[in-house]
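Data block below; observations after.
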Amino acid sequence: QFFYNAMLKGYSETGAHENALQLYSLMRASSVTCDSYTFPVVLRSSSNVGNIEVGEEIHGLIMKGGFGSRVIVQTALIDMYCNCGISNYAQRIFDRISEKDVICWNTMIAGYVKCGEFESARDLFNQMPLRNVSSWNTIVDMYCKKGDVETASRLFNEMPERDVISWNAMISGYAKMGYCDEARRLFDMVPKRNVVSWNTVITCYVHNRRFHEALELFRMMQVSEVKPNEVTVVAVLPACAHLGALDMGQWIHAYIGKNQIKMDVYVNTTLIDMYGKCGSVQEARRVFDNAVEKDSFLWGTMIEVLAMHGKAEEAFEIFERMRRAKIKPN
RNA sequence: GUCGCUCCUGAU
């Protein structure tokens with residue numbers, strides 16, 4: 001009981017939401033009691049994964065246990081339903097909250113955005129009695145996601161205060177439109193950049209095939225205060241791949257190990273691709289073999305690398321292994 | 001063992 005909750009918390013904090021849900025169903029199956037410590041954590045996981053079955057079950061248990069009246073719980077439920085794409089359930093909960101605080105407003109607005117209901121999001125934002133910086137960030141980001149950077153930047157300029165997330169949202173808006181120079185201009189203006197600011201602009205350069213500028217920015221990052229993370233390397237490695245810069249790629253690979261950057265599926269996939277494009281099939285294969293988690297992208301990338309180098313038999317062998325592992329080909 | 005909102009990521 002104690003133990004289960006601790007485990008759940010651990011999974012949740014490291015982002016292993018799938019594992020948390022598995023553990024939860026094990027708890028239910030072995031009739032371990034779920035209590036007010038269990039619910040928030042499992043709710044968070046089902047929200048992240050978008051698992052409506054578990055979400056609704058938790059909702060029911062929370063109500064039965066009488067924990068359902070607190071704003072925090074209701075806010076978590078709103079978030080969960082919106083992540084599952086059911087904004088009207090969420091709205092029903094939202095409407096019934098008597099003491100609405102800023103966070104539950106923000107959650108509902110962000111929820112509408114996730115469901116693609118931009119009008120409702122904007123209406124609710126306009127109705128808000130009191131907005132904080134997150135409220136503004138959400139709505140700025142919404143316009144960026146719609147590709148309406150004009151409105152986004154108007155609101156960005158209007159907002160009473162900006163934090164690094166506001167800046168990042170705006171930079172990412174320009175980046176998505178392919179406006180690298182504009183993204184970079186804002187980036188240079190950010191008072192206190194974080195790792196996301198860097199990643200966004202590097203990604204923008206790479207997507208627009210401006211590989212040298214991407215690498216240049218990555219080099220600048222080395223001498224900045226900010227430490228690269230796994231998203232950073234996933235962003236830069238394709239630049240190495242396209243330039244055939246094997247030495248830089250290897251350097252980054254070593255860098256990952258030295259700086260204990262998480263070797264997740266994303267990182268491994270880009271490493272395999274990079275080695276493949278730079279002509280080093282063996283190293284690609286080594287990364288593949290060492291990868292703990294393998295999804296269809298990773299398998300597909302490995303197969304393609306082998307095929308690209310004319311290793312048809314080996315490619316086919318991997319393809320068979322993939323089928324045996326019951327991974328759907330892509 | 002107490003909790004809820006907003007920004008960046010992979011092969012064709």
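Rounded to an integer number of Å, the gap from CE of A:Met80 to C1' of B:G4 is 13 Å. For A:Asn330 and B:G10, the CG to C1' distance is 12 Å, given to the nearest whole Å. Atoms OH (A:Tyr11) and C1' (B:G1) sit 17 Å apart, rounded to a whole Å. Put simply, CD1 on A:Ile303 is 12 Å from C1' on B:U12, counting in whole angstrom units. Rounded to whole Å, atom P of B:G1 lies 16 Å from atom CZ of A:Phe3. Atoms CG (A:Asn168) and C1' (B:C7) sit 5 Å apart, rounded to a whole Å. The interatomic distance linking A:Ile58 (CD1) with B:C3 (P) rounds to 17 Å, in whole Å. When rounded to the nearest whole Å, the span between CG of A:Asp141 and P of B:C5 equals 15 Å.
Using a 4.0 Å cut-off, some side-chain N or O of A:Lys176 falls inside it from OP1 or OP2 of B:C8. Dashed line: the shortest gap from a side-chain N or O of A:Lys114 to OP1 or OP2 of B:U6 is under 4.0 Å.
For A:Asn194, taking side-chain heavy atoms from C-beta onward, the closest of the listed nucleotides B:C3, B:C7, B:G10 is B:C7. Out of B:C5, B:C8, B:G10, the shortest distance to the side chain of A:Thr107 is found at B:C5. Nearest nucleotide to the A:Thr203 side chain, out of B:U2, B:U12, B:C8: B:C8. Which of B:C8, B:G10, B:A11 sits closest to the side chain of A:Thr301 comes down to B:A11. Each of B:U6, B:A11, B:G10 was ranked by its minimum atom distance to the side chain of A:Glu304; first place goes to B:A11. Of all nucleotides listed (B:C5, B:C7, B:G1), B:C7 comes nearest to the side chain of A:Ile165. Checking B:C5, B:U6, B:C7 against every side-chain atom of A:Thr138, the shortest atom distance belongs to B:U6. Comparing B:U9, B:G4, B:U2 against the side chain of A:Tyr266 picks out B:U9 as the nearest. In the set B:C8, B:U12, B:G10, B:U12 carries the atom at the smallest distance from any side-chain atom of A:Lys277. The side chain of A:Thr269 has B:A11 as its nearest neighbour among B:A11, B:U6, B:G4.
Across all strands, A:Phe39 comes closer than 4.0 Å to no nucleic acid atom at all (heavy-atom distances). A:Val71 comes within 4.0 angstrom of a base, heavy atoms only. Across all strands shown, A:Ser134 has heavy atoms under 4.0 Å from base atoms, whether or not it also approaches the sugar-phosphate. A:Ile202 comes within contact range of no nucleotide atom at all, as no heavy-atom separation falls under 4.0 Å. Within 4.0 Å of A:Asn83, counting heavy atoms only, lies no atom of the nucleic acid at all. Residue A:Ala169 is in sugar-phosphate contact alone, with no base atom involved, counting any heavy-atom pair closer than 4.0 Å across all strands shown. Within the nucleic acid shown, A:Asn229 has no heavy atom closer than 4.0 Å to any nucleic acid atom. Within the 4.0 angstrom heavy-atom criterion, no nucleotide atom of any strand lies near A:Lys262.
For a distance-only test at 3.5 Å, the side chain of A:Asn268 fails to qualify as a donor-acceptor partner of the base of B:G10. Put simply, the side chain of A:Arg70 and the base of B:C3 share a donor and an acceptor less than 3.5 Å apart. Between the side chain of A:Thr75 and the base of B:G4, a donor-acceptor pair under 3.5 Å is found. With hydrogens and angles ignored, a donor-acceptor pair closer than 3.5 Å exists between the side chain of A:Asp101 and the base of B:G4.
Taking every heavy atom of residues 206-223 of chain A and every atom of RNA chain B, pairs under 4.0 Å involve A:His207, by number.
Using the six-membered ring where Trp is involved, A:Tyr255 and A:Phe218 have ring planes that are perpendicular, over 60° apart on the 30 and 60° scheme. Relative orientation of the A:Phe39 and A:Phe67 rings is tilted, given thresholds of 30° and 60° on the angle between their planes.
Panel note: side chain A:Asp141, backbone A:Asn137; no donor-acceptor pair is recorded below 3.5 Å.
Using a cut-off of 4.0 Å between Lys/Arg side-chain N and Asp/Glu carboxylate O, A:Arg154 and A:Asp148 are scored as not salt-bridged. Taking 4.0 Å as the cut-off between side-chain N and carboxylate O, A:Glu213 and A:Arg184 do not count as a salt-bridged pair.
Environment of CD in A:Glu320: crowded, with over 12 heavy atoms of neighbouring residues, nucleotides or ligands closer than 6.0 Å.
Aromatic ring centroids of A:Phe187 and A:Trp198 lie under 6.0 Å apart. Aromatic rings from A:Phe156 and A:Trp136 are positioned such that their centres are separated by 6.0 Å or more.
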Next on the checklist: Between A:Arg185 and A:Glu182, is the salt bridge (Lys or Arg N to Asp or Glu O under 4.0 Å) condition met? List the steps.
Outcome noted: CA-CA 5 Å; A:Arg185 199 181 65 80; A:Glu182 199 51 29; 2.8 Å; yes
Checklist entry - Between A:Asp123 and A:Glu117, is a side-chain contact (heavy atoms from CB on, under 4.5 Å) present by the stated rule, with each step listed? => result CA-CA 10 Å; A:Asp123 288 345; A:Glu117 296 170 43; over 6 Å; no
